[in-house]
Amino acid sequence: MCGRYVLHGPQSRLREHFDLRECAEWQARYNIAPQSEVLVIRQRPELGRVGQRVRWGLIPRWAKDAAIGLKLNNARAETVAEKPSFKSSFERHRCLIPANGFYEWQAVEEGGKTRKQPWYIRPAGDGEFLAMAGLLAAWKSPAGADVVTTCVITTTPNGVMAPIHERMPVLLAPGQFDAWLDPASRDVEALRRWLRPAPDAEITAYRVSSRVSNARNEGEDLLAPA
DNA sequence: CCAGACGTTGTT
DNA sequence: GTCTGG
DNA sequence: CCAGACGTTGTT
DNA sequence: GTCTGG
């Protein structure tokens, strides 16, 4: 889960909501897919929270081949603290991935065939942003280029998501941002306990057009209820 | 000890 | 780099 | 995540 | 079935 999402800003509200000191340029996007550039929020010593563009698809430091990043879009909350691919990132390189919402596909049986119905999930009420829990890794390519990548941590579904899909991204509340982002937070057990499904009251979901299923499609109208 | 893998999702 | 399997 | 491609040889 | 591209 969480293989497609939305970040349209506006950037001024993004900076405000996440209390960013600096933020990279970001063009509104309504169909962000793995392997593309995404905006992450990290905590820099002496500077504070900054927004930075990185590639979605985690390439661990030790990887000899960047191809592993094609598979690591998500990390399971249940095992992220132990898996070799994620362990050191979980201990020292946590980030937030800001989103206005994300998509999930629901398998629907129709006349003996399975159709994939896309849903859009956004904050309930007048909330503007969700904060997905993510990891970062810095990798040096054989050519010597520094490549920073990210992935989204997933967990079991809450009551809103359960009818739609078996997984959902871990969503953190503003009160958790500081401790999650602080590289000095080394209490892995305490951090791991935060990786739980969001309360039902925090999100709402509605059906959208299957046009979102093709990652080439873009635009605000992908959010229209269908 | 060394060698080899290192992951998630969804579907069957 | 670190863990698992042999 | 889903959609769409998935190949070689020899010639230009 | 599996990999790549978006």
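Only this structure's heavy atoms are used, side chains among them; waters, hydrogens and symmetry mates stay out. Proteins come first, then strands; the chains are lettered A, B, ... in the order of their sequence lines, and each starts at number 1. All values derive from a computational prediction rather than experimental measurement.
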Any strand: nucleotide that pairs with C/dC3 via Watson-Crick or wobble, under 3.5 Å: B/dG4
Show me the donor-acceptor pairs, under 3.5 Å and distance only, between side chains in residues 216-226 of chain A and residues at least two apart or in other chains.
from: A/N217; atom 1: ND2; to: A/R211; atom 2: O; distance (Å): 2.7
from: A/E218; atom 1: OE1; to: A/Y30; atom 2: N; distance (Å): 3.0
from: A/E218; atom 1: OE2; to: A/R29; atom 2: NE; distance (Å): 2.9
from: A/E218; atom 1: OE2; to: A/R29; atom 2: NH2; distance (Å): 3.1
from: A/E218; atom 1: OE2; to: A/Y30; atom 2: N; distance (Å): 3.2
from: A/E218; atom 1: OE2; to: A/N31; atom 2: N; distance (Å): 3.1
from: A/D221; atom 1: OD2; to: A/R211; atom 2: NH2; distance (Å): 3.4

side-chain contact (heavy atoms from CB on, under 4.5 Å) partner of A/I153, the single match among A/L171, A/L195, A/N74: A/L195
Aromatic ring pairing A/H17/A/F129, orientation class (parallel under 30°, perpendicular over 60°, tilted between): tilted
Distance, rounded to the nearest Å, where A/I164 contributes CD1 and B/dT9 contributes P: 16 Å
Which residues share a side-chain contact (heavy atoms from CB on, under 4.5 Å) with A/A24, sequence neighbours left out: A/L39, A/R53
Selection: residues 80-99 of chain A, any non-hydrogen atom under 4.0 Å of DNA chain C: A/P84, A/K87
Sugar-phosphate only, base, or nothing, as touched by A/R76 at under 4.0 Å among non-hydrogen atoms: sugar-phosphate
Spacing of the C1' atoms in D/dT8 and B/dC2 (rounded, Å): 40 Å
Shared-cluster residues of A/V50, by chain and number - hydrophobic side chains joined below 4.5 Å: A/L47
Nearest-angstrom distance, C1' atom, E/dT2 to B/dG7: 15 Å
Side-chain donor-acceptor pairs under 3.5 Å in residues 114-128 of chain A, sequence neighbours left out?
from: A/T114; atom 1: OG1; to: A/E109; atom 2: OE1; distance (Å): 3.4
from: A/T114; atom 1: OG1; to: A/E109; atom 2: OE2; distance (Å): 3.0
from: A/R115; atom 1: NE; to: A/E110; atom 2: OE1; distance (Å): 3.1
from: A/R115; atom 1: NE; to: A/E110; atom 2: OE2; distance (Å): 3.2
from: A/R115; atom 1: NH1; to: A/Q117; atom 2: OE1; distance (Å): 3.0
from: A/R115; atom 1: NH2; to: A/E110; atom 2: OE2; distance (Å): 3.3
from: A/R115; atom 1: NH2; to: A/Q117; atom 2: OE1; distance (Å): 3.3
from: A/Q117; atom 1: NE2; to: A/V208; atom 2: O; distance (Å): 3.2
from: A/W119; atom 1: NE1; to: A/Q106; atom 2: OE1; distance (Å): 2.8
from: A/Y120; atom 1: OH; to: A/N100; atom 2: O; distance (Å): 3.3
from: A/Y120; atom 1: OH; to: A/G101; atom 2: N; distance (Å): 3.2
from: A/R122; atom 1: NH2; to: A/G125; atom 2: O; distance (Å): 2.9
from: A/R122; atom 1: NH2; to: A/G127; atom 2: O; distance (Å): 3.2
from: A/E128; atom 1: OE1; to: A/R13; atom 2: NE; distance (Å): 2.5
from: A/E128; atom 1: OE1; to: A/R13; atom 2: NH2; distance (Å): 2.4

Separation between the C1' atoms of D/dC6 and B/dG4, rounded to whole Å: 28 Å
Rounded P spacing from D/dA3 to B/dT12 in Å: 15 Å
Pair A/Y103 and A/Y5, ring centroids less than 6.0 Å apart: no
side-chain contact (heavy atoms from CB on, under 4.5 Å) partners of A/K87, counting only residues at least two apart: A/E91
Touch class at under 4.0 angstrom, heavy-atom based, for A/L70 against every strand present: sugar-phosphate
A/W105 and A/S213 side chains, donor-acceptor separation under 3.5 Å: yes
Identify all side-chain donor-acceptor contacts of residues 145-152 of chain A below 3.5 Å with residues at least two apart in sequence or on another chain.
from: A/D146; atom 1: OD1; to: A/K140; atom 2: NZ; distance (Å): 3.2
from: A/T149; atom 1: OG1; to: A/I59; atom 2: N; distance (Å): 2.9
from: A/T150; atom 1: OG1; to: A/L135; atom 2: O; distance (Å): 2.7

Sugar-phosphate only, base, or nothing, as touched by A/T79 at under 4.0 Å among non-hydrogen atoms: sugar-phosphate
Qualifying residues under side-chain contact (heavy atoms from CB on, under 4.5 Å), relative to A/A33, sequence neighbours excluded: A/R4, A/A215
Option among A/R196, A/R167, A/R192 that satisfies the salt bridge (charged side-chain N to carboxylate O under 4.0 Å, His left out) test with A/E78: A/R167
Distance under 6.0 Å and angle within 45° of ring axis: A/R61 vs A/W139: no
Pairwise N/O distances under 3.5 Å, protein to nucleotides 2-7 of chain D:
from: D/dC2; atom 1: OP1; to: A/K116; atom 2: NZ; distance (Å): 3.4
from: D/dC2; atom 1: O4'; to: A/R4; atom 2: NH2; distance (Å): 2.9
from: D/dC2; atom 1: O3'; to: A/S213; atom 2: O; distance (Å): 3.4

Bounds of contact between DNA chain C and chain A, in 5' to 3' order, using a heavy-atom cut-off under 4.0 Å: C/dG1 to C/dC3
Any residue of residues 128-148 of chain A with a heavy atom less than 4.0 Å from an atom of DNA chain C: none
Non-neighbouring partners of A/A184 that pass side-chain contact (heavy atoms from CB on, under 4.5 Å), sequence neighbours left out: A/D182
